[in-house]
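Okay, so here's the structure we're looking at.
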Amino acid sequence: MKVVQKVIVKQVLTEQSKEKLRNKFILEQKGLQNEIEQLRFQLKKIENMKKPSAASLEKQFEKEQKTRLEKLRIIDFQLEQLNLLPIGSELEETKLDAIVEVKEGDSWEEFKSLQTILVKDGIVIKIR
């Protein structure tokens, strides 16, 4: 019988993968900062309209700004944590569904335990 099982994919931190992650976070930061600037520009345009619907639009734009500022704070924290992590650390990257064959006589406890795939610089190095 074939069943679906969750598999965790972990990345082993190397200098190369650390730099890739750092660049990814910096790109996300820049994108969010651009979005915030765009929202501020749009907000100024709305403030100049002086229409009754402008107040609700202002609230919506402010809410969007706060959301992006919170995402920026999270990325700042992730960058700080990345700088603290030693090379060789294992980072959970994603969870996948895998189709696994179960036969009579297989160990149920072994089957129930989550499988892990370890990846280093884009290459699978271990399946546990």
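Just so it is clear, the structure is predicted and the values come from calculations on it, not from any experiment.
Summarising the geometry, atom CD belonging to Glu93 is positioned 12.5 Å from atom CD1 belonging to Ile8; distances are rounded to the nearest 0.5 Å.
Hydrophobic clustering places Leu82 together with Leu72 (ILVMFWY residues linked when any side-chain heavy atoms are closer than 4.5 Å, directly or through intermediates). Tracing side-chain contacts under 4.5 Å through hydrophobic residues (I, L, V, M, F, W, Y), one never reaches Val9 starting from Leu21; they form parts of separate clusters. Clustering ILVMFWY residues whenever any of their side-chain heavy atoms sit less than 4.5 angstrom apart, transitively, puts Ile75 in the very cluster that holds Leu69. No path of Ile, Leu, Val, Met, Phe, Trp and Tyr side chains, each step under 4.5 Å between heavy atoms, connects Leu32 with Phe61, placing them in separate hydrophobic clusters. Under a hydrophobic-cluster definition in which Ile, Leu, Val, Met, Phe, Trp and Tyr are linked whenever side-chain heavy atoms come within less than 4.5 Å, directly or via other members, Leu39 and Leu43 are assigned to the same cluster.
Using a 4.0 Å cut-off between charged side-chain N and carboxylate O, Glu70 and Arg73 make a salt bridge.
For the side chain to side chain donor-acceptor pair (under 3.5 Å) test, no residue two or more places apart in sequence or in another chain qualifies with Gln38. Gln115 meets the side chain to side chain donor-acceptor pair (under 3.5 Å) test with no other residue; sequence neighbours excluded.
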Show me the side-chain donor-acceptor pairs of residues 116-128 shorter than 3.5 Å, one per line, residues at least two apart or across chains.
unit_1: Asp121; atom_1: OD1; unit_2: Thr14; atom_2: OG1; d: 2.6
unit_1: Arg128; atom_1: NH2; unit_2: Glu90; atom_2: OE1; d: 2.7
unit_1: Arg128; atom_1: NH2; unit_2: Glu90; atom_2: OE2; d: 3.1

Under 3.5 Å, which donor-acceptor pairs do the side chains of residues 96-109 form with other protein atoms, sequence neighbours left out?
unit_1: Asp97; atom_1: OD1; unit_2: Lys6; atom_2: NZ; d: 2.9
unit_1: Asp106; atom_1: OD2; unit_2: Lys103; atom_2: N; d: 2.8
unit_1: Ser107; atom_1: OG; unit_2: Glu110; atom_2: N; d: 3.3

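For the pair Lys18 (side chain) and Leu85 (backbone), a donor-acceptor distance under 3.5 Å is present.
The salt bridge (Lys or Arg N to Asp or Glu O under 4.0 Å) contacts involving residues 30-44 comprise Glu35-Arg68, Glu37-Arg40, where partners must be two or more places apart or lie in separate chains. For residues 75-88, every residue pair satisfying the side-chain hydrogen bond (donor to acceptor under 3.5 Å, both in side chains) rule, not counting sequence neighbours, is listed here: Arg22-Asn83, Gln29-Asp76.
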Check against side chain to side chain contact (heavy atoms under 4.5 Å, CB included), Gln16 and Glu19: CA-CA 5 Å; Gln16 183 182 3; Glu19 192 60 33; 5.9 Å; no
